[in-house]
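Letters go in sequence order (proteins before strands), and every chain restarts at 1. Keep in mind that the numbers below use all heavy atoms, side chains included, and drop hydrogens, waters and symmetry copies.
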Amino acid sequence: MSRFEKVDATYSFPEMEERILEFWESEDVFAKSLARPAPNGNYVFYEGPPTANALPHPGHVLTRVIKDLFPRYKTMQGYHVARKAGWDTHGLPVEIEVEKELGFTSKDEIEEFGIAEFNRRCLESVRRYEKEWRRISNRIGFWLNYEDAYFTFTNEYLETVWWLLRQIWDQGLIYEGHKIVPYCYRCGTPLSSHEVAQNYKDTKDPSIYVKFRIASDMHGFCTELAEGKTYFLVWTTTPWTLLSNVALAVNPDAEYVAVFHSGEHLILARELLEATGLDEEPVVASMRGSDLESIDYEPLYSFITADKRGHYVVTGDFVTLEDGTGIVHIAPAFGEEDYQVGIANDLPFVCAVDERGNIVPEVTQWAGRNVKDADAGILNDLKERELLFRSTTYTHAYPFCWRCDSPLLYYAFPSWFIRTTAVRDELLANNEQINWVPEHIGTGRFGQWLDGVVDWALSRNRFWGTPLPIWQCESCGELHCIGSYSELQELSGFEADDLYDQSKFNPHRPFVDELTWECAECGGKMRRVPHVIDCWFDSGAMPFAQHHYPFEHKDDIDGGAQFPADFISEALEQTRGWFYTLHAIATMVKDSPAFKNCLVLGLIMDEKGHKMSKSKGNVADPWKVIDRQGADAFRWYFLSATAPWVSTRYSETAVVNSLQKFLIPLWNVYSFFVIYANIDDFDPASPAKPWDEREQLDRWILIKYNRLAREVTENLDNYRITEAARSIEGFLDILSNWYVRRSRRRFWQSEKDDSKWNAYHTLYEILAGFSRLIAPFTPFLAEELHQKLVRPFSPDAPVSVHLCDYPVADRAVSQPELEAGMDAALRVVKLGHAARNLSKIKVRQPLGGVTLVTNDTHLPDVIEPYSDIIKDELNIKSIGWAEEAKDYVDYQIKPDFARLGPRLGRQIREVQKLLASSPASELVTQLSETGQIVLNTSAGEVKLESEDLDVRLVEKEGTAAQRDGNLLLVLDLEITPALREEGLSREFINRVQNLRKTLQLDYEQRIEVKFSVGEPVRSAILKYANTIAAEVLALDFGEEPGLADEQPNVYPAEIEDLEVLIKLVPVKGK
RNA sequence: GGGUCGUUAGCUCAGGUGGUUAGAGCGCAUCCCUGAUAAGGAUGAGGUCCCUGGUUCGAGUCCAGGACGACCCA
């Protein structure tokens, strides 16, 4: 009966993980981890709510892996991490998904269909995708409290959002204005930027140069200009916007000129003279853009009378000299930049186009015409009035509606705003308190975004969203912002016995639209404004709304227990999304940052380096990798491959690599341990010696393990995941390839002495500790190790590794001289292997020894305690230190640039040359005898001490020598007859062991071996017969000259071109 | 057009505060080890460190300009 469960040779990580998932489920491990005592208090993590409107892709897996790592880590460290799940349920993406399902192309269809039913379907759609998200999150081990999830559509959540808006309203920060949005006049709907990006096409538009006649005088600086015959020359590709022109803009720093052309004076930027074909015309005046400021011109059209002063020149840095004339026509209704110019200069707002894309009735000449159709008429009109300088066509990329292919207009919509510009300083100040990883996001992308913050366009003309809680009087325009359901109930008098049950009270459209009351000012009807709000406000409200603050859990927020967050992490694109809205709302309502540490993740790109996106069709299916390589492999790849903020090219091969680099070697160490622990019936509960009484190698690996625990903790505390993962990988490498490899004999040996038990205890302790150390990274394999290695032997052990304490480094476990010695020994071994390679003498062939040469006088003492390990590893008999280094090496002497550079300056060049040209060995002698080297340079004598110099050993040609810095190893290549015999015996052992492996014998299986072979192999085998028998576990071993190939249990092999016949019979019952 | 990041071996990436032999992993070639290994080790081939200037005794690293790519915003 085996003590440890046998490790399956045909293991499958995905299958193991499925078992672990079932185990977590049946033992309710996650709930237990939430209930774990938390002596260190709360660690607050906010789940950025995903909008469940599509299937998750590898990028989402990355995010969720990172978001899982820190909560697990902190939980094991004795913090309580609530890990409340959340879902962003509102918004245009969801609506579009449902519109597609229903085959709708316009808002009118939704209204006909019924908003109530439409919204119900939106909710249904979100719920459907939510299931897929939960499925993959669960499979990759992302623990999140779904039982206690927040949803942005619930009455509780929505009420908090209203409350927050009311706080902002009370500060006077909410106002109504216009927002320029890409708009499809046919579908009657604005498009999101994402939609706009889907359908850019090269299109031909008019390209016209229009003359605007100057009305006032020119401020006296160019009196020679003809009065009434001086014009600003302006370029545009959208003639129809000229009807709504209110100003012209110039670059204040650019040079403008007036040229004489056909009896008129035309003003434009000097740089663009050639482009407009006016470079041959005489320049009659020159001025800076700023000189033109506030000059009035005659409007081209005056169908619509402006309510304030317009039609004059303004200045702006945005005016470029790349194309056109350097003078830009401004129509605030039809462009974001134009709109901002309008605000900044208090220009009138003129809009000659209605929501259907037609010219308004006031413009009698073209009333009712579609804007694109009106272009030709306007062109003709300008031509007739001789205001057209030139007209051609122009091909450029222009966006079209992805649904109906109509050209989009940039159109000013009435819209509600939050005056975030008023809290800019507070936003910047609070940003100073956030630890951004990587740092440059905080100062760069995010900081600069805050620095140039614009007012937040809050409202949307849509259906499925949090209704804007503003009511307006139909008669007098009085406004009221609602801050709670009870307030709304009191005012409007609706009846509902439960305000938080949506079947009794639903605050969504269309129900909320029906709630009205009498205006307190004039007795008119208070009616809700038609908008819903930007769903980004919903998600940014989550610190408060997930707890229904302040209606519930008031103390958790006000007392700091759940606000602000210690840690959040999302992808880069959230900088202006969730990161911003969290920050803005927290700043406006609490004047506090919403989060203390923010880890910003890079994008996951396809193998060609492009962002994965639905429209490109390059989105990889994460399930493939999960099913084939497993979740731990996926996780380890993301955590160890590259810094998480670096955009990464993703491929399954890369995941397989990390599997081979980490999970498989770890599994092999585990499997090795189990095989021998069972053979020797090792009991982990048996008494173990203190660490410092164990063997050298044991002490060494325990020291390394403790160092690892410290490094991982330090790195994770600083959110440096890759560094932590790489330390872990580095440790596993020395564990597997040095500790276990060098300790194998102690596990194999038949004597059950202290050395053997020390090895078992050491490896066991490390595997057990390691399982806890890697638990946040690869939770499945960690759990497997815990279940198989720890739990059966420790009745007190927690049910799951995730309920254990995170390892803490024991600073007492330290022996610097041991570490230095072993490191040096490793260096020697590496050189020895290299020398053997070079000499083509395989390691199985024992050699007399190596000679080490160094100018480091301490090294021999440091290495001496490890000479047995070195001898064994290199299969040599002795290690010697050369008395007379000159036999083996030459020297190379260079100045130590870091020391001498600052001292000597330019002279260092000459010193370098002098050192290189002098015989090195003489310099070394001079240095060792006098303690210095004196050089005669052109600038005088220079004295150099040994610290100023970098003396290196260089192997002489023709020796089997290898060098690493100042340590040189020379391999003794002489193979004496005795060494040769020993080598042949080891060849024979190797053949028998290979046979054992081919025959798939058990590790403990005893065998009977007979052989038949010619000289000289025969006598070598006979001489080492006892050693051979012991090595291959042969109970009976001897020569049998008559063996023949065709006999049963006889196998042929070859040693140095000599045929060997080996008869191998397993001994029954052994 | 503005902003941010990046460009180092065939591929994926490391390379605080400048220091003269620029590294790792994968892949390739040759060899080795294996009584845990699906692994592992050694050696080799493979680099104008994107380009051009500048600062400096000295630049992959600092500065300026440019090219290319990605992303964000217009």
Side-chain angles (χ1 to χ4, degrees), chain A residues 7 9-11 193 317-318 320 322 335-337 340 438 440-441 443-449 451-452 571-573 575-577 602-603 605 607 609-611 640-643 645-651 653-654 656-661 663-676 722 726 729 733 736-738 740-741 744-745 747-748 829-838 840-844 873 875 892 894-912 950 952 962 965 989-990 992-994 996-997 1001-1005 1031-1033:
Chain A
V7 178
T10 59
Y11 62 85
S193 57
D317 292 330
F318 65 93
T320 67
E322 310 248 313
E336 179 59 31
E337 210 145 56
Q340 294 302 335
H440 64 77
I441 301 284
T443 51
R445 203 175 269 225
F446 194 71
Q448 291 185 1
W449 163 248
D451 203 40
L572 189 64
E573 64 250 26
T575 310
R576 290 171 190 193
L603 298 144
M605 303 185 291
E607 291 179 51
H610 296 289
K611 186 184 178 177
S640 67
T642 59
W645 51 85
V646 173
S647 293
T648 319
R649 295 182 188 204
Y650 165 85
S651 67
T653 334
V656 172
N657 278 345
S658 48
L659 181 77
Q660 289 177 341
K661 221 156 76 183
L663 297 176
I664 289 175
L666 174 55
W667 190 266
N668 289 333
V669 174
Y670 161 55
S671 151
F672 172 87
F673 171 82
V674 169
I675 289 168
Y676 288 97
T722 323
R726 287 186 182 159
E729 256 179 15
D733 182 58
S736 168
N737 290 319
W738 192 243
V740 172
R741 196 153 65 91
R744 273 190 294 206
R745 217 149 259 285
F747 292 98
W748 304 339
V829 165
K830 204 173 162 167
L831 290 176
H833 282 306
R836 271 201 175 258
N837 251 304
L838 215 66
K840 306 264 181 209
I841 299 175
K842 51 178 70 169
V843 179
R844 265 204 296 275
E873 179 70 18
N875 197 14
Q892 185 188 342
K894 283 188 169 180
D896 182 337
F897 288 95
R899 266 179 76 95
L900 289 179
R903 198 174 107 194
L904 298 177
R906 190 177 296 279
Q907 214 183 348
I908 198 167
R909 288 259 162 116
E910 194 183 351
V911 169
Q912 184 181 10
D950 181 10
R952 294 175 185 193
Q962 285 292 301
I989 293 173
N990 170 264
V992 179
Q993 300 290 32
N994 286 348
R996 286 187 63 112
K997 207 171 177 180
L1001 299 187
D1002 256 6
Y1003 298 113
E1004 285 179 280
Q1005 179 67 56
E1031 283 286 311
V1032 303
L1033 303 182

Report summary line: Looking only at B:rA36, B:rA38, B:rA39, the nucleotide nearest the A:I664 side chain is B:rA38
Query raised in the report: With both distances under 3.5 angstrom, what nucleotide forms a Watson-Crick or G-U wobble pair with B:rA59?
Result: none
Query raised in the report: Could you give the CG-to-P distance, from A:L659 to B:rG40, as a whole number of Å?
Result: 12 Å
Report task. Please work out which of the three classes, parallel, tilted or perpendicular, describes the rings of A:Y676 and A:F672, given edges at 30° and 60°. Result -> tilted
Query raised in the report: Checking A:N668 side chain against A:I664 main chain: does a donor-acceptor pair fall under 3.5 Å?
Result: yes
Query raised in the report: Distance between the P atoms of B:rC63 and B:rG1, in whole angstroms?
Result: 24 Å
Report task. Indicate, with a heavy-atom threshold strictly under 4.0 Å, whether A:V674 touches base, sugar-phosphate, or nothing. Result -> nothing
**Report entry** B:rA70 and B:rU61, which share atom name C1', separated by this distance in whole Å
**Finding:** 23 Å
Query raised in the report: If we take the P atom in both B:rA59 and B:rG54, what is their distance in whole Å?
Result: 12 Å
Query raised in the report: Who does B:rC5 pair with, Watson-Crick or G-U, both distances under 3.5 Å?
Result: B:rG69
**Report entry** B:rA14 versus B:rG41 - spacing of their C1' atoms, nearest Å
**Finding:** 22 Å
Requested in this report: Using the P atoms only, state how far B:rC72 lies from B:rG27, rounded to an integer number of Å.
Outcome: 34 Å
Query raised in the report: For A:W738 and B:rG41, what is the distance between atoms CH2 and P respectively, to the nearest whole Å?
Result: 13 Å
Query raised in the report: Looking only at side-chain N and O atoms, does A:Y670 come under 4.0 Å of OP1 or OP2 in B:rA36?
Result: no
Query raised in the report: Hey, does A:L1033 reach any base, or is it just sugar-phosphate, or nothing, if we go heavy atoms under 4.0 Å?
Result: base
Query raised in the report: CZ of A:R741 versus C1' of B:rC32: gap in Å, rounded?
Result: 11 Å
Query raised in the report: Does any nucleotide pair with B:rA29 by Watson-Crick or G-U wobble geometry, both distances under 3.5 Å, and what is it?
Result: B:rU43
Report summary line: For B:rU17, the nucleotide meeting Watson-Crick or G-U wobble distances (both under 3.5 Å) is none
Query - Out of B:rA14, B:rG41, B:rC57, whichever nucleotide has its closest atom nearest the side chain of A:D733 - result: B:rG41
Query - Paired nucleotide for B:rA64 [Watson-Crick or G-U wobble; both distances under 3.5 Å] - result: B:rU52
Requested in this report: Would you indicate what A:D896 reaches in the nucleic acid, counting non-hydrogen atoms under 4.0 angstrom: base, sugar-phosphate, or nothing?
Outcome: nothing
Report summary line: Of B:rU21, B:rC71, B:rA36, the nucleotide closest to the side chain of A:K894 is B:rU21
Query - Spacing of the P atoms in B:rC26 and B:rU43 (rounded, Å) - result: 14 Å
Requested in this report: State the pairing partner of B:rU37; accept Watson-Crick or G-U wobble contacts with both distances under 3.5 Å, and report none otherwise.
Outcome: none
Query - A:W645 CH2 to B:rA14 C1', straight-line distance once rounded to whole Å - result: 13 Å
**Report entry** Nearest-nucleotide pick for A:P665, side chain only, options being B:rA39, B:rU21, B:rA36
**Finding:** B:rA39
Query raised in the report: Can you tell which of B:rG19, B:rG25, B:rU21 lies closest to the side chain of A:A898?
Result: B:rG19
Report task. Verify the contact: side-chain N or O of A:K661 to OP1 or OP2 of B:rA39, cut-off strictly under 4.0 Å; return yes or no. Result -> no
Query raised in the report: At under 4.0 Å between heavy atoms, what does A:R744 touch on the DNA or RNA strands: base, sugar-phosphate, or nothing?
Result: base
Query raised in the report: How far does the P atom of B:rG44 sit from the matching atom of B:rA24, given to the nearest Å?
Result: 11 Å
Report summary line: Out of B:rC57, B:rU37, B:rG25, minimum distance to the side chain of A:N668 belongs to B:rU37
Query - C1' gap between B:rU8 and B:rC50, integer Å - result: 10 Å
